[in-house]
Structure formats: structure tokens, C-alpha cells
Amino acid sequence: MPERTRDLPPRYDPAAVEPHWATAWVDGGYFHAQAPTDREPYCIVIPPPNVTGRLHVGHALGRTLEDALIRRARMQGKEALWVPGMDHAGIATQVVVERELRKEGIDRRELGREAFIERVWSWKEQYGGEIVDQIKRMGASLDWERERFTMDEGLSLAVRTAFVRWYEQGFIYRGERLVNWCPTDQTGLSDSEVEHEEVDGELVTFRYPLSDGSGSVEVATTRLETMLGDTGIAVHPDDERYRDLVGTKVRHPFDGREIPIVADDAVDPAFGTGAVKVTPAHDQTDFDIAHRTGLPLLNIFDAEARVNANAAEEFYGLGRYDAREAVREELVKLDLLVREERPFRHAVGHCYRCHSEIEPWISGLQWFVKVEGLKEAAKRAALDGRVRFTPERWTRAYVTWLDNLRDWNISRQLWWGHRIPAWYCPDGHVTVAIQPPTECSTCASAELEQDPDVLDTWFSSQLWPFSTLGWPDDTEDLRTFYPNAVLVTGYEILYLWVARMIMSGLSLAGDVPFRDVVIHGLVRDAHGRKMSKSLGNVIDPIEMIDRYGADALRFSLARAATGGQQDIPLAEDSIEGARNFANKIWNAARLVLGAFEGDLPQLPAAERRTLPERWLLSRHQVCAAEVDAALDEYLFADAAQAMFRFLWSEFCDWGLEIEKGRLDAGEPERADAAALLAWVLERTLRLLHPIMPFVTEEIWQRFARGGSISVSSWPDPHPEHADADAERVMLALQEIVTAVRRFRARHRITPSRRFPARLGIPADLAREVEPLAERIERLAGLDGLAFVEPPAGKPAGETTVTLTVGAMYLPPGLFDVEAERVRLSKERAELDADLARVRGKLANEGFVAKA
RNA sequence: GGGCGCGUAGCUCAGUGGGAGAGCGCUUGCUUCACACGCAAGAGGUCGCAGGUUCAAAACCUGCCGCGCCCACCA
């Protein structure tokens with residue numbers, strides 16, 4: 001046995017291999033990309049994980065797919081760059097650090113802004129790298145020399161530059177509008193950060209008495225407390241029932257304010273009573289109605305959603321839910337409550353971070369991105385194919401979203417994030433600048449104060465594909481690697497992130513950010529349920545890597561990532577199965593390497609290849625072509641499946657088993673067989689490497705003198721190895737062998753030795769079997785296929801049958817005559833079916849009359 | 001309310017006009033000199049239901065039933 005197989009234990013141990021290569025690859029500089037370059041550039045930027053994050057299985061999926069693409073591109077000779085980095089994750093991080101502080105009994109407001117931000121930075125230094133180490137453990141081939149952080153100096157400059165450019169172009173403005181306020185996190189949110197959820201609420205109908213005492217108007221609401229801030233009643237302009245009341249007034253029952261009745265198209269006369277209470281400061285629809293009809297705004301909540309001094313006195317200081325009950329009691333007392341319907345199902349907005357109910361609220365002046373003028377270009381890029389979505393159906397979702405998109409609130413009342421680059425002088429003039437200005441651009445006042453708010457986290461994320469490459473500077477990296485080749489991400493951030501990258505890329509970097517967008521589903525548990533701590537069904541990728549190896553996790557994820565379905569179920573069983581697959585490859589390599597001497601395997605000359613060898617080359621060629629086609633279309637599951645099938649069911653089950661005969665034979669057959677197997681194995685390792693980098697590298701090293709499979713060449717398909725004859729004959733042989741095995745199993749006949757099997761069968765049956773040999777010979781077009789007559793010394797009435805092809809043993813045995821009869825009748829049926837098909841086709845084409 | 005996806009073996013899913021498949025699970029036999037993380041054989045399916053198109057439908061069309069998701073200012 002050659003030297004290098006000595007250290008191959010019968011079981012593949014990922015733990016002994018993976019950590020070594022994970023660092024050796026990085027240390028060897030294999031993942032570093034250069035610009036400028038003569039090669040074709042291929043760039044992916046990592047969707048930056050939050051600094052607060054631990055690797056979860058969703059990351060594992062995304063990184064696996066990206067790494068597969070990048071590794072393949074690198075092997076294809078492209079200048080492959082995968083940019084690593086992290087996101088500062090404004091709210092998420094601030095909340096985590098605040099929680100840490102609270103444990104020490106500190107409130108961030110006592111600490112002050114600067115000290116707090118310092119705390120966040122030191123927290124980031126201490127814990128922020130955790131996820132990076134975990135991504136490294138997965139074998140992700142990122143160029144760590146280019147690691148970025150959304151709050152680093154370069155990216156902060158990019159953020160300010162983007163802000164200023166858009167401000168100067170009129171795409172950023174400041175305005176007082178209703179924002180989605182989270183009373184817990186104390187900040188406004190964009191529409192996309194609000195999650196709507198159906199809840200069982202109530203619909204309460206109550207009466208507003210008309211000012212002139214002539215009656216009352218009934219209105220309904222799901223949020224009774226907001227009636228404290230009502231400034232109008234709205235009805236549809238065409239509604240006969242209320243025509244005479246428009247222009248008159250009702251009286252607020254608690255504080256006696258007079259409230260006008262107005263007409264507006266937004267009111268649906270068919271819903272409820274057809275009259276709507278209008279609370280402009282706490283509802284978007286009402287805000288719009290007020291804007292159109294001139295109703296005043298009455299803000300009744302403070303930042304924590306407690307009733308403020310603007311409402312009737314007796315409710316002051318109550319939280320919004322307490323206020324609801326207090327209002328209800330008061331209405332009952334005044335006999336104004338008409339009815340309560342429960343449950344009433346309706347959608348309520350919740351904060352995407354803390355899940356509190358969102359309160360539409362006026363929180364002073366906020367900054368907005370005007371989407372008119374940005375979204376049209378983003379839409380066009382998808383429609384004309386400059387950005388291609390996979391699966392294609394997401395294009396439509398994206399376009400629809402853009403069509404309905406409203407201006408984007410980018411102010412956040414937080415401390416952790418990019419401070420808005422706007423300064424105000426005492427006269428209220430606004431100066432927007434990339435670097436802190438020394439004086440007001442309007443009145444030259446030196447007394448400037450910067451806007452206290454920070455920008456939405458997604459404002460910096462949207463610049464990620466170009467800011468990481470050096471934008472706004474005109475760098476080599478940017479010129480070489482922009483636009484990126486592809487973006488891989490889950491559909492849950494298609495709107496929050498992907499759409500905005502396309503808008504900002506087109507507007508600021510002058511081109512689409514990436515050519516392809518690969519949208520994958522959410523990883524769910526074995527039964528399609530969302531993974532959650534409370535269900536106890538969370539699969540921790542690190543735990544899985546410890547138990548089964550990163551290759552196993554990667555392969556099982558890739559195999560599950562089918563294009564069709566929405567979400568991706570993952571069971572530990574499937575990871576275990578992938579681990580077994582790695583072990584199978586390992587052992588195939590043990591067998592092959594035990595026989596093969598030398599380094600780079602050379603294919604024996606064509607005339608020295610046996611029929612099963614021609615078949616194996618043909619199957620390998622098919623596998624390579626399938627993998628190529630699948631990866632071109634981002635069909636990772638198909639690629640994984642093709643390799644699994646080839647390696648296990650074809651290479652091992654038939655190829656190795658058949659070749660064992662030749663490996664046991666003398667030279668030069670033995671060496672030919674070993675070289676051919678090694679050649680196929682080595683190429684298949686390269687094919688598999690993008691998905692299972694570790695085990696393939698470890699084995700591949702036995703074929704190489706140094707270097708790394710990660711920078712070896714991609715095995716393009718060899719169409720010249722396609723061999724229809726060999727495939728056809730092997731299929732027949734496989735069928736016959738299977739028939740033999742079936743017979744053996746049915747009759748519980750156990751071969752005395754493994755190969756060749758020696759079976760006692762009736763002599764008359766053996767005679768019937770004879771013609772089959774001729775048939776196989778004809779099919780194969782080979783000589784040397786024959787039945788060996790029974791060796792001497794066997795009991796009378798029995799004979800032993802062994803099938804050989806050429807000089808090599810096949811799993812031998814008895815041919816089941818009945819099975820062959822079935823096969824022939826099946827062939828006849830197939831022939832009939834073929835004839836029928838041809839007849840049908842001809843009929844369809846109009847060549848013959850239909851039956 | 002609008003849109004999207006799904007329904008195929010016990011489970012999870014491939015399969016888009018002509019042989020109903022894979023992995024896991026299950027049953028049986030096998031420690032066989034690459035691998036028991038293995039080998040071999042096997043059981044198991046009205047392809048959600050109904051109609052239509054076609055010589056031919058799991059696939060295409062229509063309707064229905066069931067499940068899931070996204071978007072949305074009916075209070």
C-alpha cells in the first residue's frame with residue numbers, strides 16, 4: 001500500500017481535518033483576490049450579519065450557497081472575491097447593550113450619549129467577532145483582508161456622501177409626518193420595519209352627540225383610546241344618510257371640543273355606520289384625511305404612548321391600554337357606548353425588533369428618502385433583465401412592492417448608528433455636509449448643532465455592494481468588482497434590503513449592484529415549522545458541525561435548497577446522511593488510493609478501457625454536465641443530488657465493485673484500473689469541492705504535491721466520454737445482476753464466498769440459462785462473455801455458474817429465467833408503446849388521420 | 001381585499017406531455033478482505049377532488065377543497 005494511505009483510518013473524522021484546513025486556506029492566501037486583474041471578475045458581498053449575531057442555520061444556508069458559487073468561480077479561473085463584513089445593526093445592538101447596562105443598574109440616559117457609544121464599541125470588540133469565527137468554521141472562502149464593518153471609517157464616509165448627494169438631488173428631505181413609533185424602543189421605524197399581524201381585537205361602536213342636540217352620530221373603532229385625539233368625523237361625500245350633516249359639528253363628550261363632520265373619499269360607506277372618527281395624529285388614513293380636509297392634529301400621547309396633557313384631564317398619564325378601559329367606562333357612564341363586537345379580526349402593526357404594537361405618532365421633524373425618481377429605475381432594471389431574480393417569480397413581488405412604495409423614513413431616535421449629517425443654527429437653517437461644517441451655509445452662524453438622530457441601519461446596508469469596494473472613491477476594486485455577480489439572500493429581506501440596494505446602486509454607483517439575485521427560503525424544521533426556542537426545534541449549526549462536520553451541514557443544506565418550494569425543511573437525520581456520504585467518499589478513496597501509485601492520474605488509452613470503464617467515464621461525464629448546468633441556474637439541490645447519485649450509486653455500487661476484479665488481476669490491468677478509478681475520483685472531488693470543501697481537500701492532497709484543491713481547475717464536462725453503447729449494455733448487465741440477486745434473496749441462497757458466488761442449481765435450469773449468455777454477448781458486442789461449466793467435484797444434479805466479462809469478474813450467479821421472460825415481455829410492451837407514441841405524434845402533426 | 005407558493009410512498013421532497021422516483025424511516029438477510037456512518041433484497045402510492053384538452057395527463061386548462069406565506073390606511 002502506498003505511503004500516503006497509511007494515515008487513512010476507516011472512518012472519516014471531520015474534527016481532525018476541518019479546523020486545520022479552515023486556517024491553512026486563509027494562511028495560504030488562497031481566498032485573496034486582486035484588482036486590477038486580467039481574469040474575469042466574480043464578486044459576491046456577504047449579507048453582513050449583525051454584530052449581535054450568533055450563526056444560525058439561515059446564515060449557514062446562505063454562506064454555503066455563496067461559498068459554493070465563489071469556490072466554483074475561483075476554480076473556473078475567475079478573479080473571485082467574496083467580501084466579508086458585519087452590520088452595526090442599530091436598534092438590535094443598542095437594545096442588547098442597554099440590557100447589559102441595566103444589569104449593572106445603569107440607564108443609558110444617565111451615562112450620556114458619548115459614553116454609551118463607547119460602551120457599544122467595546123462591547124462590539126469583545127463579542128462582535130463571534131459570528132466571524134463561526135463563519136470561518138464553515139469553511140467560507142472569504143477574503144478576510146477585505147473585512148468591513150458598516151460603522152468603519154470608509155463606510156461612514158460612504159453613508160454621509162450618499163446622504164449629501166441625495167439631499168442635493170432632492171431625494172432626501174425633512175418633514176413632519178406621521179411615523180411608525182415604537183414606544184418600547186423609543187424610535188420611529190420605516191414601513192418595512194413594521195410587521196402586520198392578524199389579531200383578535202374588538203370593534204367598539206359609540207355615539208358622538210351633535211352639537212345642536214338634535215341627535216348623534218355613531219362611529220366605530222378598534223382602538224377606543226384614540227377618540228381622545230379625534231378632531232373630526234368623516235363620511236363619504238356621496239353618502240345620502242349623512243349629506244345634511246356634513247359641515248355641522250359634534251361635541252366631544254369628555255372635554256366639550258366641537259368636532260366638524262367632513263366628507264372624504266377614503267371613507268367606505270359600506271363599512272360599519274359609514275361614519276368614521278378621525279384621529280389625525282395617530283392613524284395614517286386619518287392623517288391623510290385631515291391633510292385633505294384641513295382638520296387639526298391633536299397629539300394625545302407621549303413617547304411612551306401615555307396620554308399627555310392634550311387630552312381630557314382625567315386620562316392624563318394613563319398608558320394606552322389603560323386609557324382604552326378608562327374611555328370605555330366613561331362612555332358607558334354617559335350612555336354613549338352602542339355595542340362591542342368581539343373578537344374582531346384585524347391587522348395590527350408590530351415592531352420587527354421588540355414586537356410592541358406600533359403607535360402612529362407625530363414625533364417632530366424627521367428625514368425621508370423620496371422614492372419617486374428612484375424606484376422607477378429600480379423597476380426597469382428588473383423588467384429589462386439587468387437584474388435577474390431566481391426563482392424568477394420574485395421579480396413580480398419586487399415590482400409590485402416598488403409600485404406601492406412610499407417615502408422612506410430614515411431618522412431613528414437612537415444613539416448607535418450613523419449620525420445624520422445635518423446641522424442646525426439657532427435660526428433653524430439646515431446645513432447638510434459630508435464633513436462637520438464650521439458655519440451655517442445660509443447665515444454663516446458658527447453656532448451649529450448636529451441632528452441628534454441616527455440613520456436607519458438599512459441606509460448603510462443599501463450601500464454595501466459598493467461601499468465595501470471603496471465607494472465613493474473611484475478604486476480599482478470598485479472598477480473591477482462592481483457590479484457584483486450575484487447576491488444570495490432570504491426572501492424576508494427582499495424589500496428591506498435587496499430593493500433598496502438596487503435603488504441606491506443605480507442612483508449612486510451608476511449601475512445595478514449585482515446581476516443575479518438568488519432568493520432562498522427560510523430554513524425550517526423537519527416538519528416545516530419555524531424554528532423557535534419555545535418549540536425546542538432549533539438546529540444549532542455549530543452543534544451540527546461539532547457532531548457531523550461542516551461538510552455534512554453544507555451538503556445537507558445544499559441538497560435541501562431546491563428552487564421550487566418556498567421554505568427549506570432541515571432535519572438532523574439529513575445532516576447525518578450527509579456525514580455518511582462524506583464517509584462513503586472517504587472509503588472509496590481508501591480503496592482507490594490503496595491501488596493507485598503516482599500523483600496525477602492519467603487516463604489509460606481508450607483501447608485499454610473495458611466496457612464498464614467506458615460506462616463509468618460516460619456516467620461521470622453526465623454527472624459533470626448536470627452539476628455545471630445546475631450551478632449555472634443556481635439549482636444547488638440538483639447539483640448535490642447529481643453528485644450523490646453518481647458517487648454512491650454508480651461509482652461505488654457498480655464501478656468499484658466491478659473494478660475490484662481487475663484490481664486483483666495482474667499488470668498491466670491492475671495499474672490501468674487503478675489509474676482510471678483515480679482519474680474519475682480526482683475529477684469528482686473537484687466537482688464536489690464547492691459544496692464539500694474539507695473532505696475533498698483532504699483526499700485531494702493525496703493526489704497532489706502541495707497546493708490546494710480550492711485553486712485547482714474546474715472539471716469541465718468531457719462530452720467525448722459520452723458512450724451510449726456502454727450505457728446500454730451496462731443497463732442490461734445491471735438488470736441481469738439484479739435479477740440474480742433477487743433470486744438469491746428470495747430463495748435464501750447465500751454464496752459461499754463473496755465473489756464469485758457459487759450457487760447450486762438444477763442442471764436443467766442451467767441449460768435454460770445458456771442462451772442468455774449469447775444474448776448478453778450480442779448486446780455487449782464483446783467476446784469473452786461466457787458461462788463457466790461446473791467445476792469438478794460438485795454433486796450430481798447441480799451446477800455452478802459464473803459470469804465474466806472480459807477478464808474481469810462481475811458479481812456472478814444464477815440467471816432467473818422467469819425474470820428474463822418478464823424483461824422480454826416488458827421490451828415488447830415498450831416497443832408497442834413506442835409505436836403508439838410515434839403514431840400519435842404523426843397524427844398530431846397531421847401526417848396521418850386521427851383514429 | 002390583492003398577490004404568490006404548496007398538496008406525489010409513513011416523513012421530507014424531486015419529477016412540466018409518453019416507464020411513478022430519491023433520501024430518511026420500516027421489514028428481511030448479511031461482521032463480506034473501502035465503508036455496519038456499510039452491503040443486498042423487499043414492503044409501501046386512487047400523484048388533494050371534479051371536469052376539460054390530448055392517441056397519451058402527476059404534469060397543460062377550468063372549478064372546488066385544504067395548507068402556508070407576502071402585501072394592504074375598512075375605521
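The basis for the numbers below is simple: all heavy atoms, side chains too, and nothing from hydrogens, waters or symmetry mates. Throughout, protein chains are lettered first and strands after them, A, B, ... in sequence-line order, and every chain is numbered starting at 1.
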> Whom does rA56(B) pair with, Watson-Crick or G-U wobble, provided both distances fall under 3.5 Å?
Replying inline: none
> C1' atom, rC24(B) versus rC37(B): distance in rounded Å?
Replying inline: 14 Å
> Does Glu225(A) pair with Arg328(A) as a salt bridge, N-O distance under 4.0 Å?
Replying inline: no
>> Between Arg579(A) and rC37(B), is there a contact of a side-chain N or O with OP1 or OP2 at under 4.0 Å?
In response: no
> Looking only at heavy atoms, what is the nearest atom pair of Val217(A) and Tyr242(A), with distance?
Replying inline: CG1-CE2, 4.2 Å
> With rounding to whole Å, what would you report as the distance between rC4(B) and rA50(B) at their P atoms?
Replying inline: 26 Å
>> Give me the distance, rounded to whole Å, that separates rC26(B) from rA9(B) when you measure between the C1' atoms they each carry.
In response: 12 Å
> Contact class for Arg396(A) (heavy atom, under 4.0 Å): base, sugar-phosphate, or nothing?
Replying inline: sugar-phosphate
>> Classify Asp268(A) by what it touches in the nucleic acid, base, sugar-phosphate, or nothing, heavy-atom distance under 4.0 Å.
In response: base
> Looking only at atom C1', what distance separates rG48(B) and rC65(B), rounded to whole Å?
Replying inline: 8 Å
> Relative to the ring of Phe344(A), is the ring of Phe271(A) parallel (under 30°), tilted (30 to 60°) or perpendicular (over 60°)?
Replying inline: perpendicular
> How far does the P atom of rG5(B) sit from the matching atom of rG44(B), given to the nearest Å?
Replying inline: 36 Å
> NA contact type, Ala588(A), heavy-atom cut-off 4.0 Å: base, sugar-phosphate, or nothing?
Replying inline: base
> Looking only at atom P, what distance separates rG68(B) and rG29(B), rounded to whole Å?
Replying inline: 43 Å
> Nearest-Å distance, NE2 (His527(A)) to C1' (rG25(B))?
Replying inline: 11 Å
> What's the CD-P distance between Glu492(A) and rC71(B), to the nearest Å?
Replying inline: 11 Å
> How long is the line joining CD of Gln284(A) and C1' of rC73(B), in whole Å?
Replying inline: 7 Å
> Tell me: CZ of Arg590(A) to P of rA34(B), nearest whole Å?
Replying inline: 9 Å
> Looking across every strand, which nucleic acid part, if any, lies under 4.0 Å from Gln641(A) by heavy atom: base, sugar-phosphate, or nothing?
Replying inline: sugar-phosphate
> Roughly, in whole Å, what's the span from CZ in Phe271(A) to C1' in rG1(B)?
Replying inline: 13 Å
>> Going by purine N1 to pyrimidine N3 plus the second Watson-Crick contact, or the G-U wobble pair, all under 3.5 Å, which nucleotide sits opposite rA50(B)?
In response: rU62(B)
>> Would you say Asn580(A) places a side-chain N or O within less than 4.0 Å of OP1 or OP2 belonging to rG38(B)?
In response: yes
> Starting at CG of Asp653(A) and ending at P of rG23(B), how long is that distance when rounded to a whole Å?
Replying inline: 10 Å
>> Please report whether the ring centroid of Phe368(A) lies less than 6.0 Å from that of Trp408(A).
In response: no
>> Any strand counts, and the cut-off is 3.5 Å on both contacts for Watson-Crick or G-U wobble. Which nucleotide pairs with rG44(B)?
In response: none
>> Applying the Watson-Crick and G-U wobble criteria at under 3.5 Å, what pairs with rA36(B)? Answer none if nothing qualifies.
In response: none
> Taking only side-chain nitrogens and oxygens of Lys584(A), does any of them come within less than 4.0 Å of OP1 or OP2 of rC39(B)?
Replying inline: yes
>> If I take atom CG in residue Leu593(A) and atom P in nucleotide rA34(B), what distance separates them, rounded to the nearest angstrom?
In response: 14 Å
> Which one is paired to rU31(B), where only Watson-Crick or G-U wobble pairs with both distances under 3.5 angstrom count?
Replying inline: none
>> Only pairs with both distances under 3.5 Å count, Watson-Crick or wobble alike; so what is the partner of rG17(B) in this structure?
In response: none
> For rC69(B), which nucleotide in any strand shown is its Watson-Crick or wobble partner with both distances under 3.5 Å?
Replying inline: rG3(B)
> Expressed in angstrom and rounded to an integer, what is the separation of Ile289(A) atom CD1 from rC73(B) atom C1'?
Replying inline: 9 Å
> Does Glu626(A) come within less than 4.0 Å of Arg645(A), counting only side-chain N to carboxylate O?
Replying inline: yes
>> Closer than 4.0 angstrom, basic N to acidic O: yes or no for Arg702(A) and Glu682(A)?
In response: no
> For Thr221(A), which contact category applies under a 4.0 Å heavy-atom criterion: base, sugar-phosphate, or nothing?
Replying inline: sugar-phosphate
>> Counting the atoms with a prime plus P, OP1 and OP2 as sugar-phosphate, which does Tyr495(A) contact under 4.0 Å by heavy atoms, base, sugar-phosphate, or nothing?
In response: sugar-phosphate
> Do the side chain of Glu657(A) and the base of rA40(B) come within less than 3.5 angstrom through a donor-acceptor pair of N or O atoms?
Replying inline: no
> Considering only side-chain heavy atoms of Arg524(A), which listed nucleotide, rC69(B), rC35(B), rA75(B), is closest?
Replying inline: rC69(B)
> Taking atom C1' in both rC39(B) and rU32(B), what distance in whole Å separates the two?
Replying inline: 8 Å
> For RNA chain B, whose closest nucleotide is more 5', that of Cys652(A) or that of Tyr491(A)?
Replying inline: Cys652(A)
>> Between rA59(B) and rG23(B), how many Å separate the two P atoms, rounded to a whole number?
In response: 25 Å
> In Watson-Crick or G-U wobble terms, both distances under 3.5 Å, what is the partner of rU12(B)?
Replying inline: rA22(B)
> Any idea how Trp648(A) and Phe644(A) line up, ring-wise: parallel (<30°), tilted (30 to 60°), or perpendicular (>60°)?
Replying inline: tilted
> For Trp648(A) and rC39(B), is the shortest distance between a side-chain N/O and OP1 or OP2 below 4.0 Å?
Replying inline: yes
>> Looking at every non-hydrogen atom in both residues, tell me the closest pair between Leu631(A) and Phe636(A) and how far apart they are.
In response: CD2-CD2, 3.9 Å
